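No experiment lies behind these values; they were computed from the predicted model shown.
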Amino acid sequence: MSSSSSPDNLRAAIAAALFIFFWASGFVAAKYGFPYAEPFTFLGLRYVIGSAVLVPLCLIWKATWPKTGRDIGHIILAGTMVQSFYLVGVYYGIYLGISTGVVALVMGLQPLLTAALAGLALAERVTARQWFGLALGFAGLGLVVADKTTTAGASAGAFAITAFGLISITVGTLYQKRFCATFDIRSSVAIQNIAGIVLMSVFATMFETMTVRWTGEFLFALLWSALGLSVIALTLYYWLVRRGAASKVTSLIYLSPPVTAVMGWLAFNETLGLGAIAGMAIVATGVALATR
């Protein structure tokens with residue numbers, strides 16, 4: 001291994017670890033924030049804070065902004081699918097009664113779906129070992145969330161909106177890699193947060209009361225979601241996708257539910273049985289095979 005590749009690999013490993021941590025924390029932040037605001041309202045406020053942080057940072061760092069309306073359109077479309085519609089699927093699925101375990105399982109199909117489409121969209125080749133790793137990761141994910149998986153009380157509409165979120169982030173990831181690979185990630189994420197404000201404001205006005213109970217827990221959830229997810233996690237995700245194969249990067253998402261389970265155990269005293277622990281080991285093995 002060359003001396004130049006070692007620091008690059010180390011940066012990628014650190015970025016992947018940070019991405020997994022912040023991405024996994026989204027479920028915990030949602031659990032803190034949901035009692036105090038409806039999903040569209042919560043997401044709209046999250047994008048306001050994200051934009052207020054990112055735009056000044058882009059100006060300070062002299063980030064490059066897109067030069068044409070077409071470039072801006074590509075960025076907004078990718079962000080709408082990867083962030084806004086995906087989060088609507090996750091948050092509204094949970095809000096409408098789907099258990100977090102079922103939502104995690106549905107979203108856990110993303111690495112498999114991305115691998116299936118990457119060949120057509122990006123001409124990426126997925127090896128037999130990677131397919132086995134992806135399948136193993138999904139099996140391990142099932143063990144991790146088994147005790148949180150129930151379909152009781154969930155409507156067909158709730159499942160439909162969750163499936164919509166899955167399709168959105170999958171297509172959006174491929175779209176981002178194909179059409180937004182040359183844009184400055186910093187300004188791209190800023191633009192996507194600004195576009196998210198407009199979209200969530202329209203949805204919140206149409207479908208919600210927009211009532212917010214401003215409590216300490218809600219502020220914590222809102223700030224963590226805005227800074228940890230809409231700023232840090234999304235930027236890391238795009239950087240990792242740009243650097244490597246989409247099918248490999250999305251396999252990291254398998255590690256999110258195990259990390260979320262540990263966070264739930266620490267923050268909410270949730271149970272963490274032997275089956276879940278075994279599932280974590282299987283997930284780690286599957287991801288290792290898929291990203292090797």
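- With Tyr238 as the fixed residue, the side chain to side chain donor-acceptor pair (under 3.5 Å) test singles out one of Arg243, Gln192, Lys177: Gln192.
- In this structure, Leu234 CG and Asn193 CG are separated by 7.0 Å, a value rounded to the nearest 0.5 Å.
- Identified under the salt bridge (Lys or Arg N to Asp or Glu O under 4.0 Å) test for residues 42-66, with sequence neighbours left out: none.
- Between Gly228 and Phe22, the shortest heavy-atom contact is O-CB, 3.3 Å.
- By the 4.5 Å heavy-atom criterion applied to side chains, Ile253 and Ile20 are not counted as neighbours.
- Side-chain atoms of Thr114 come within 3.5 Å of backbone atoms of Gln110 as a donor-acceptor pair (strictly under, hydrogens ignored).
- Considering OG of Ser201 and CE of Met210, their distance stands at 6.0 Å, rounded to 0.5 Å.
- Put simply, CZ on Phe183 and CZ on Arg242 are 9.0 Å apart, with the number rounded to the nearest 0.5 Å.
- Evaluation of the salt bridge (Lys or Arg N to Asp or Glu O under 4.0 Å) test over residues 180-191, restricted to residues two or more places apart or in two chains, returns Asp184-Arg186.
- Note: Cys180 SG to Ile75 CD1 = 6.0 Å, rounded to the nearest 0.5 Å.
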Go through the steps to decide whether Tyr36 and Phe42 satisfy the test ring-ring contact (aromatic ring centres under 6.0 Å, His included), and finish with yes or no. CA-CA 9 Å; Tyr36 310 106; Phe42 182 87; 10.0 Å; no
Can Phe218 and Leu45 be said to form a side chain to side chain contact (heavy atoms under 4.5 Å, CB included), step by step? CA-CA 11 Å; Phe218 176 76; Leu45 292 171; 4.0 Å; yes
Give the intermediate values and the outcome of side-chain hydrogen bond (donor to acceptor under 3.5 Å, both in side chains) for residues Thr173 and Tyr237. CA-CA 9 Å; Thr173 297; Tyr237 184 63; 2.6 Å; yes
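- Contact detail for Trp23 and Ser256: the closest heavy-atom pair is CD1-OG, 3.6 Å.
- Remark: the backbone N or O of Ala290 is not paired with any side-chain donor or acceptor of Arg129 at under 3.5 angstrom.
- Using a 4.5 Å cut-off between side-chain heavy atoms of Ile, Leu, Val, Met, Phe, Trp and Tyr, with links allowed through other members, Leu136 and Leu109 fall into different hydrophobic clusters.
- Note: the hydrophobic cluster containing Ile98 also contains Leu166 (ILVMFWY, side chain heavy atoms under 4.5 Å, direct or indirect links).
- Using the six-membered ring where Trp is involved, Phe207 and Phe40 have ring planes that are tilted, between 30° and 60° apart.
- Considering every non-hydrogen atom in both Gly133 and Leu289, the closest pair reads CA-CB, 3.8 Å.
- Taking the side chain as every heavy atom from C-beta outward, Ser51 and Ile197 approach each other to under 4.5 Å.
- Within the 4.5 Å cutoff, side-chain heavy atoms of Trp65 are placed close to those of Ile191.
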Residue pair Leu219, Trp224: steps toward the side chain to side chain contact (heavy atoms under 4.5 Å, CB included) verdict: CA-CA 8 Å; Leu219 284 173; Trp224 184 272; over 6 Å; no
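- Here the closest non-hydrogen pair linking Thr250 and Pro111 is O-CG, 3.2 Å.
- Listed by chain and number, the residues in a side-chain contact (heavy atoms from CB on, under 4.5 Å) with Leu77 are Met81, Tyr175 (sequence neighbours excluded).
- Considering all non-hydrogen atoms of both residues, Val144 and Met280 come closest at CG2-N, 3.6 Å.
- In the hydrophobic cluster analysis, where Ile, Leu, Val, Met, Phe, Trp and Tyr join through side-chain heavy atoms closer than 4.5 angstrom, Leu274 is grouped apart from Ile282.
- In this structure, the separation between CG on Leu18 and CD1 on Ile232 is 8.0 Å, given to the nearest 0.5 Å.
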Val283 vs Leu255, side chain to side chain contact (heavy atoms under 4.5 Å, CB included): CA-CA, chis, key distance, verdict: CA-CA 7 Å; Val283 166; Leu255 295 170; 3.7 Å; yes
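- Note on Val287: it clusters hydrophobically with Leu105, by side-chain heavy-atom contacts below 4.5 Å among ILVMFWY residues.
- Minimum heavy-atom separation, Trp214 to Leu222: CZ3-CD2, 4.2 Å.
- Remark: the backbone N or O of Thr127 is paired with a side-chain donor or acceptor of Gln130 at under 3.5 angstrom.
- Criterion: ILVMFWY side-chain heavy atoms under 4.5 Å apart, direct or through other members. Under it, Ile167 and Val88 are not part of a common hydrophobic cluster.
- Residues Thr68 and Ile72 fail the side-chain proximity criterion, which asks for heavy atoms closer than 4.5 Å.
- With rounding to the nearest 0.5 angstrom, the OH atom of Tyr254 is 5.5 Å from the CG atom of Leu134.
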Dump the intermediate steps for side chain to side chain contact (heavy atoms under 4.5 Å, CB included) on Leu112 and Trp131, then the final yes or no. CA-CA 8 Å; Leu112 291 168; Trp131 276 116; 4.2 Å; yes
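- Side-chain atoms of Glu208 do not come within 3.5 Å of backbone N or O of Phe203 as any donor-acceptor pair.
- Residues Leu54 and Val231 form a side-chain contact, since some pair of their non-hydrogen atoms from C-beta on lies under 4.5 Å apart.
- A donor-acceptor pair under 3.5 Å is formed between the side chain of Ser187 and the backbone N or O of Thr64.
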